[in-house]
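Report on one structure; see the data block that follows.
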Amino acid sequence: MATLLAKEKAADAAVVKVARSQNYLNGLLAHQRIRGAIIASPIVVLLVGFLVIPLLIILWGSVEGDKLTFSHYARIFSDETNLSVMLQTLRVGLIVTLVSLVAAYPVAYLLTQIKSRALSLVTLFILVPLFTAFLIRTYAWMIILGRQGPINNTLIWLGLIREPLPLLNTTFAVVIGMVHVLMPIAIFTMYSSMVRIDHNVARAAQILGAKPVQAFLRVYFPLSLPGVFSAGILIFIIAIGFYITPSLLGGPRDAMITQLIVTQLTTLLNFELSFASSIVLLLVTIGILFFASLFIPLEMIWSSSTVEITSQKLRSKSPFFGNMKQAVQPILITAEALIHLVTKPFLTRKARWLWAYTILVLLFLIAPLVVVFLLSFSSSLFVVFPPPGFSLQWWEKLVHASDWQESFLFSVKLGFFSAFFATIIGTMGAFWLVRTTLPIKRALFLFCLSPLMVPGIIIATALYIFEARIHLLGSFAGLVIGHVLLSVPYVVVVMAAALRGFDQSLEKAAAIHGARPMQVLRLVTLPLLKPALLTAGLLAFLTSFDELLITMFMIGRQTLTLPFKFWNDIKYELNPLLSAASTFIVLLVAVAILTAQWIKVRHDRRTSARTGK
C-alpha cells in the first residue's frame, strides 16, 4: 500500500513538473522576439558555425594567415596549367548550360500544357533520373560510351564505322554526362516559372493576327525569360562545381577546377594553393550570382514559389531587356519568317511534334538506367552489352556481399539521422522566415539557402579543415553535420512554400478556444503540415543517401557509405555487380518517389473532400 502511494506521489510530481515546463515554454513563446530567437537559433548556429567560419578559415589560410601573401592566387593565374583548367571549367560549364536549356525548354513548355494525369506520368520519368545518384548515371554512361558499348556496337552493326569510336575520356563524354544529370533540374526550374504564365495571352495575340511563331517569340518567350535565366544560372553554378562526372568520363585535358582542388589537397598536400583555388571558384560563383541579381530576385533561382516573400517584382521588364529587344528587332523579324515557313506543317493544336520530342528526351533520361538494369541480369562475367544471356548470379552475389550490405545499412543510418536533424532545423528556419516580421527577410532567406550557392567541393574542403581543428573529423557526428548542412536548404524551400499556403485562421481559432502555443503547434499546425514534412524529410534523406564529396573528406575510418563504396569499386573495375547494386538503388529511389506522390495525392483528396463538405 505504501509502495502504491509512493508511486502515485511520484507520478503526480512528474505531471506537475511537465505542466510547469510546458507553462514555462508557453510563456517564452508568447514573446515574439524570444520566440524568433528560439526557432532561428538552430539554423543560424549550423550555417555560421559550419559554413561561414570554415570558409573564413580557408580564406585566411589562402593568404597564409598573418603573412598576407597573395602568391598562391598569382600562381593560379600565372601557371599555364592552372589557368587552362580554369578556362576549361568555364567552357564546359557554358556548353552544358546552353545545351541543357535548349533541350529542356520544349519539355518544360509541354508540362504547362498537359493535364494532371499525363503531367504525373511525364514527371515520374523525369524525377527518377533526377534523384538517382550522379555516380550511377555516370557509371551507365561509361558503359554506353565505351568501345563495346551500345553506341559503337550499333554504328558498327549499321556499317557506318569499322572501328569503335573513342567516345569515352573526351569532352563530348563529359558534356553528355553532365547534361544528362542537369537537364531534369533545368526542366523543373523553367516549368515552375512557366506554369504561372497565362497561355491565353499568346492565344489573344494570334486572334489579333499574329502568326503562331510571332505569338510565341514576342509574347510567350519574353514572359518565360526569367525562368530560363534562373535555370541557366543554377545549371552553370552546379556545372562548374562538378567533380564525379568529369573525373570518370573525361580525359587529362578535360580536368576541371574541382579535380585540381582535390589533387592539391589530398595528393600534393599543397593546402594553401587548394584554399586559393577554392576561393577563386567561390568568387566566380559570387560574381555570377551578382550578375543574376541585376535581372531577377536570386531566391527565384532555387524556388520561384518563395519569391512572394519579398515585395520586389520581377525585373523582366528592365531597360536591359527593352534595349536588347530593340537591337535584335530586324533579326527577329527575319528569323520569325523563316521559322514559320519551316514549322508551319508541324504546328497543330495537338502538338504531336512536341510530344515526340519530349518522348525522345525521356528516352535519353531513362536509357542509362535501362542499360544498368539489363546488365544486372547478365550471364557474362564482364560488362558486355547487350548481355549474352540471362542470369541472377550478380543479384545472388550482391545479396551475399557483406561489404555492400554494411555500406547500405550505414548509408541508411546516416541518411536517417541527417534527414531527422535537417527536417527539424529546416522547418524551424522556415517558420522563422515566414512567420516573423524581419526587415531583411530576403537576405536571411538567401543566407538559409547559402549551402546551395557554394560549390560542394568548397564546402567539403572548408569542413575538412574546420572539423580537423575541433576533432570531429572522421566521426559519425561530423559526417552527419556535413550532410545536414547540404540537406537543410531543401527542407527550408519545401516548408517555406507549405507555410505560405497555410491557413493561419485555424491556429487562431484553436487559440481562441483556449489552446496554448505548444498545443496549437502539436495538435493543429504540425498535423496539417505532415505531407510537407514527409516530403522535406524524404528529400533530405535522398540528398544524404546520394552525397559523395562531403563523405570522401569526412568519413575517416568509418564504414564506407554506398556511394563511396561504389566510387572505390568503379575506379578499378567495371563489372555487372555494380549494375546490380545500381539497379537496387534506382528501385529504392522509384519506390520513394511513388510513396511521396501517393502521400500528396491522398492529402489533396482529403483536402478536397473537406472543402466539398
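All heavy atoms count here, side chains included; hydrogens, waters and symmetry mates do not.
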Which residues share a salt bridge (Lys or Arg N to Asp or Glu O under 4.0 Å) with D546, sequence neighbours left out: none
Atom pair CG (D569) and CG (L577), whose distance is rounded to the nearest 0.5 Å: 7.5 Å
I257/I240 under side-chain contact (heavy atoms from CB on, under 4.5 Å): CA gap, chis, key distance, verdict: CA-CA 8 Å; I257 191 169; I240 61 175; 5.9 Å; no
Sub-4.5 Å side-chain heavy-atom contact between L47 and L485: yes
Test item: Q113 side-chain N/O and L110 main-chain N/O as donor-acceptor pair under 3.5 Å: no
Verdict with reasoning, S277 to Q264, per side chain to side chain donor-acceptor pair (under 3.5 Å): CA-CA 9 Å; S277 301; Q264 290 164 349; 3.2 Å; yes
Check: I176 main-chain N/O paired with H180 side-chain donor or acceptor under 3.5 Å: no
Pairs satisfying ring-ring contact (aromatic ring centres under 6.0 Å, His included), at least one member in residues 235-257, at least two apart: F134-F242, Y243-W567
Short side-chain to backbone donor-acceptor contact, S193 and M190, under 3.5 Å: no
Side-chain donor or acceptor of T189 paired with backbone N/O of A186 under 3.5 Å: no
Qualifying residues under salt bridge (Lys or Arg N to Asp or Glu O under 4.0 Å), relative to D79, sequence neighbours excluded: none
Beyond-backbone contact of I459 with L51, side-chain heavy atoms, under 4.5 angstrom: yes
Flag, side chain of R162 to backbone of I156, donor-acceptor distance under 3.5 Å: no
Side chain D254, main chain G251, donor-acceptor under 3.5 Å: yes
Heavy atoms of other groups near Y357 OH, more than 12 under 6.0 Å: yes
Non-hydrogen side-chain atoms of I151 and L155 separated by less than 4.5 Å: yes
Cationic tip of K413 above F476 ring, under 6.0 Å, 45° of axis: yes
Test side chain to side chain donor-acceptor pair (under 3.5 Å) applied to Y139 - qualifying residues, sequence neighbours left out: S579
Side-chain heavy atoms of V412 within contact of F545, under 4.5 Å: yes
Neighbour count above 12 (heavy atom, 6.0 Å) for F364 CZ: yes
Gap separating the OG1 atom of T543 from the CG atom of L538, nearest 0.5 angstrom: 9.0 Å
Within the 6.0 Å centroid threshold, strictly below: F541 and F416: no
Whether over 12 other heavy atoms sit under 6.0 Å from F275 CZ: yes
Under 3.5 Å donor-acceptor, S379 side chain and G389 backbone: yes
Sub-4.5 Å side-chain heavy-atom contact between I136 and I585: yes
Check: L119 and L111 side chains under 4.5 Å, non-hydrogen atoms: yes
Main-chain N/O of T559 paired with E406 side-chain donor or acceptor, under 3.5 Å: no
Residue pairs, two or more places apart or on separate chains, that pass side-chain hydrogen bond (donor to acceptor under 3.5 Å, both in side chains) and touch residues 455-468: none
CZ on F584 to CH2 on W395, rounded to 0.5 Å: 7.5 Å
Crowding at CZ, F373 (>12 non-hydrogen neighbours, <6.0 Å): no
F50/V484 under side-chain contact (heavy atoms from CB on, under 4.5 Å): CA gap, chis, key distance, verdict: CA-CA 10 Å; F50 293 94; V484 170; over 6 Å; no
Partner set under side chain to side chain contact (heavy atoms under 4.5 Å, CB included) for L269, not counting sequence neighbours: F271
Heavy-atom donor-acceptor pair, S544 side chain to A540 backbone, under 3.5 Å: no
E547 (side chain) donor-acceptor with T551 (main chain) under 3.5 angstrom: yes
